[in-house]
Amino acid sequence: MENSSILLQDLNEKQQEAVISESKRLLVLAGAGSGKTKTLLQKIRYLIEEKQVSPSNILAITFTKNATHEMIDRLIISADTSGAYERIIFDKKLAKKEKDAHRRNWQKSSNG
């Protein structure tokens with residue numbers, strides 16, 4: 001579980017509890033800027049990397065398209081060791097439509 005400790009290292013105690021919880025349903029409710037997105041992303045990574053859950057068996061719900069894109073982007077960035085995706089997403093010269101197309105293509109090419 002060496003990778004597990006890496007996934008938990010930047011989280012506080014409550015966040016760590018949420019990430020390693022064995023509950024099939026988990027509600028993360030907290031104020032703005034408290035680390036909800038980070039906790040949810042670490043939970044998803046934990047399920048995939050430590051519990052070998054197929055990404056197609058994970059449901060994460062957001063309330064806005066922007067939040068969805070942020071979660072997808074952060075998950076891809078965490079998995080992309082080349083840094084290519086991060087450069088694309090943060091390229092100020094690219095239009096939103098171009099970034100959306102890159103996001104869709106990256107998702108299609110992934111194994112999840």
Side-chain angles (χ1 to χ4, degrees):
M1 280 244 189
E2 182 179 317
N3 194 32
S4 174
S5 61
I6 292 170
L7 290 172
L8 300 175
Q9 72 184 9
D10 294 331
L11 303 175
N12 67 35
E13 188 176 326
K14 287 290 186 187
Q15 291 170 320
Q16 289 179 14
E17 286 177 28
V19 169
I20 62 174
S21 169
E22 293 291 327
S23 176
K24 291 185 187 256
R25 292 174 192 88
L26 184 64
L27 172 65
V28 176
L29 185 61
S34 61
K36 293 180 299 294
T37 301
K38 181 178 186 174
T39 303
L40 290 171
L41 293 173
Q42 293 305 82
K43 176 68 173 189
I44 292 168
R45 289 184 62 205
Y46 177 80
L47 290 171
I48 294 167
E49 295 172 18
E50 294 296 317
K51 298 294 185 174
Q52 284 73 50
V53 174
S54 169
S56 64
N57 289 328
I58 298 171
L59 173 65
I61 299 173
T62 65
F63 292 102
T64 67
K65 189 179 275 189
N66 284 344
T68 301
H69 290 164
E70 180 184 351
M71 287 186 70
I72 291 168
D73 291 344
R74 287 170 65 174
L75 277 170
I76 295 171
I77 288 167
S78 72
D80 175 28
T81 57
S82 74
Y85 186 79
E86 187 171 16
R87 285 190 295 277
I88 291 167
I89 291 303
F90 293 112
D91 185 341
K92 302 225 184 274
K93 296 175 189 167
L94 289 179
K96 182 185 178 308
K97 275 189 170 185
E98 292 174 290
K99 291 179 185 182
D100 290 345
H102 281 290
R103 185 181 295 111
R104 282 190 304 276
N105 289 336
W106 209 282
Q107 286 176 273
K108 286 179 188 175
S109 69
S110 73
N111 293 329

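As the structure is a prediction and not an experimental result, all values here were calculated from the model. Side-chain atoms are counted along with the backbone in the values below, which use heavy atoms only and exclude waters and symmetry mates. The chain is numbered in sequence order, starting from 1.
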Checklist outcome for this item: Residues Asp80 and Ser82: closest non-hydrogen pair is OD1-OG, 2.6 Å

Checklist entry - Between Thr64 and Ala67, is there a donor-acceptor pair closer than 3.5 Å when you use the side chain of the first and the backbone of the second? => result yes

Next on the checklist: If you apply the rule side chain to side chain contact (heavy atoms under 4.5 Å, CB included), what do you find for Ile76 with Ile89, and how did you get there?
Outcome noted: CA-CA 10 Å; Ile76 295 171; Ile89 291 303; over 6 Å; no

Item to check | Contacts of Thr62 that satisfy side chain to side chain donor-acceptor pair (under 3.5 Å) - sequence neighbours left out | outcome: Thr68

Item to check | Spacing of CG belonging to Leu59 relative to CZ belonging to Arg25, to within rounding of 0.5 Å | outcome: 10.5 Å

Checklist entry - Any Lys/Arg nitrogen of Lys51 or Glu22 sitting under 4.0 Å from an Asp/Glu carboxylate oxygen of the other? => result yes

Checklist entry - Do Leu75 and Val53 share a hydrophobic cluster (ILVMFWY, side-chain heavy atoms under 4.5 Å, transitive)? => result yes

Checklist entry - More than 12 non-hydrogen atoms from neighbouring residues, nucleotides or ligands closer than 6.0 Å to CD on Glu13, yes or no? => result no

Checklist entry - From Thr39 OG1 over to Ile44 CD1, what is the distance, rounded to the nearest 0.5 angstrom? => result 11.0 Å

Next on the checklist: I need the Gln15 CD to Ile20 CD1 distance, nearest 0.5 Å.
Outcome noted: 12.5 Å

Checklist entry - Going by the ring pair (Phe, Tyr, Trp, His ring centres under 6.0 Å) test, which pairs reach into residues 50-93, not counting sequence neighbours? => result Tyr85-Trp106

Checklist entry - Under a single-linkage definition using a 4.5 Å side-chain heavy-atom cutoff for Ile, Leu, Val, Met, Phe, Trp and Tyr, are Ile58 and Tyr46 assigned to the same hydrophobic cluster? => result no

Checklist entry - Is Ile48 reachable from Met71 through a run of hydrophobic residues whose side-chain heavy atoms are each under 4.5 Å from the next? => result yes

Checklist entry - Just how far is it from atom CZ of Arg103 to atom CG of Asp73, taken to the nearest 0.5 Å? => result 4.0 Å

Item to check | Reported CD1-to-NZ distance for the pair Ile72 and Lys65, which is rounded to 0.5 angstrom | outcome: 10.5 Å

Checklist entry - Looking only at heavy atoms, what is the nearest atom pair of Ile88 and Lys99, with distance? => result O-CE, 3.8 Å

Side-chain donor-acceptor distances from residues 28-37 under 3.5 Å, at least two apart:
unit_1 : atom_1 : unit_2 : atom_2 : d
Ser34  : OG     : Gly31  : O      : 2.6
Lys36  : NZ     : Ala30  : O      : 3.2
Lys36  : NZ     : Gly31  : O      : 2.8

Next on the checklist: For residues Val19 and Leu47: do they belong to one hydrophobic cluster (side chain heavy atoms under 4.5 Å, members Ile, Leu, Val, Met, Phe, Trp, Tyr)?
Outcome noted: no

Checklist outcome for this item: Between the CD atom in Glu86 and the CD1 atom in Ile77, the distance rounded to the nearest 0.5 Å is 4.5 Å

Item to check | Result of checking His102, Lys96, Lys97 against Asp100 for side chain to side chain donor-acceptor pair (under 3.5 Å) | outcome: Lys96

Checklist entry - If only atom types and distance count, is the side chain of Asp91 paired as donor or acceptor with the main-chain N or O of Arg87 below 3.5 Å? => result no

Checklist outcome for this item: When every non-hydrogen atom of Ala18 is compared with those of Lys43, the smallest separation belongs to O-NZ, 3.3 Å

Item to check | Close side-chain approach of Gln16 and Gln42, heavy atoms under 4.5 Å | outcome: no

Checklist outcome for this item: Gln52 and Glu49 have their tightest heavy-atom pair at NE2-O, 3.0 Å

